[in-house]
Amino acid sequence: MKFQVLALLAPAVLGAAVPSDASANLESRQTFGDFYNTWVCASSTGGGGSAALKKVHQGFNKVWGTSRLTLKANQCVAAECGGYYFSVCNHSDSSKTETSNMRNVAAARDPKSGDLCITTNQANMNVMYYYGKGKFETAAGSITRKTC
């Protein structure tokens, strides 16, 4: 059974459970500081790498626009393209706007071959970016999906 996409380093913020094997694997490979500077992935394999990320990011911008998004409390928006997803979520109890250019910064980061990945920035850490293969799922809040 595929587990839900979640913030691997902050599961309490998202209200989702982390499978113990994924959590242990993650903890052995990465530190909390990495969360702000790179993609942190539950699985080191299974993703499509930078090429797939750039393609789904481009699709996200096509269906959601390139302007910064303002998200309601616990709201996620996702684009699903070619078997991959890119999503932006606000995991706070109030509306938040994306940090200027952060979506592009996230897309420029290399997830390598990782799957079920998350990144954010320290200035606006309630707004998180997700990338992976398949359909985006989260236990935290609502998701509005668009296909590109």
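The first residue of the sequence shown is numbered 1, and numbering continues consecutively from there.
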Exercise. Evaluate the criterion side chain to side chain contact (heavy atoms under 4.5 Å, CB included) for residue pair Arg109 and Thr119; output intermediate values, then yes/no.
Key: CA-CA 9 Å; Arg109 294 175 176 169; Thr119 193; 2.4 Å; yes
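Nearest approach of Gly114 to Cys41, heavy atoms of both residues: CA-SG, 3.9 Å. Of all heavy-atom pairs spanning Tyr85 and Gly134, the tightest one is CD2-O, 3.5 Å. The minimum heavy-atom distance linking Gly48 with Tyr131 is given by the pair N-OH, 3.2 Å. Closest approach of Asp115 to Gly132, counting heavy atoms only: OD1-CA, 3.3 Å.
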Please list every donor-acceptor pair under 3.5 Å in which a side-chain atom of residues 53-60 meets a protein atom from a residue at least two apart or in another chain.
unit_1, atom_1, unit_2, atom_2, d
His57, NE2, Asn61, ND2, 3.4
His57, NE2, Asn104, OD1, 3.2

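Here the side chains of Lys96 and Asn90 are in contact, with some heavy-atom distance below 4.5 Å. Between Leu71 and Val88 there is a side-chain heavy-atom pair separated by less than 4.5 Å. Counting heavy atoms from C-beta outward, Glu98 and Tyr129 have side chains that approach closer than 4.5 Å. Using a 4.5 Å heavy-atom threshold, the side chains of Gln75 and Val77 count as touching.
A perpendicular orientation is assigned to the rings of His91 and Tyr130, their planes being inclined by more than 60° (bins at 30° and 60°). The aromatic rings of Phe86 and Trp39 sit perpendicular, their planes meeting at an angle over 60°, well past the 30° parallel limit.
Residues that satisfy the side chain to side chain donor-acceptor pair (under 3.5 Å) test with Glu80, not counting sequence neighbours, are Arg145. Evaluation of the side chain to side chain donor-acceptor pair (under 3.5 Å) rule for Ser50 yields Asp110 as partners, not counting sequence neighbours. Under the side-chain contact (heavy atoms from CB on, under 4.5 Å) criterion, Thr45 pairs with Ser43, Ser113, not counting sequence neighbours.
Here the OG atom belonging to Ser87 is positioned 3.5 Å from the CZ atom belonging to Phe136, to the nearest 0.5 angstrom. Here the straight-line distance linking atom CG of Asn126 with atom OG of Ser94 works out to 7.5 Å at 0.5 Å rounding. Rounding to the nearest 0.5 angstrom, the gap separating the CG atom in Asn124 from the OG atom in Ser100 is 11.5 Å. One finds the OG1 atom of Thr120 at 10.5 Å from the CG atom of Asn37 (value rounded to the nearest 0.5 Å).
Sorted by first then second residue, the disulfide (SG to SG under 2.5 Å) pairs that include residues 56-87, not counting sequence neighbours, are Cys76-Cys89, Cys81-Cys148. Pairs of residues two or more places apart, or lying in two chains, that qualify as side chain to side chain donor-acceptor pair (under 3.5 Å) and include a residue from residues 63-73 are Thr70-Thr97.
In Lys146, the NZ atom is crowded: over 12 heavy atoms of neighbouring residues, nucleotides or ligands sit closer than 6.0 Å.
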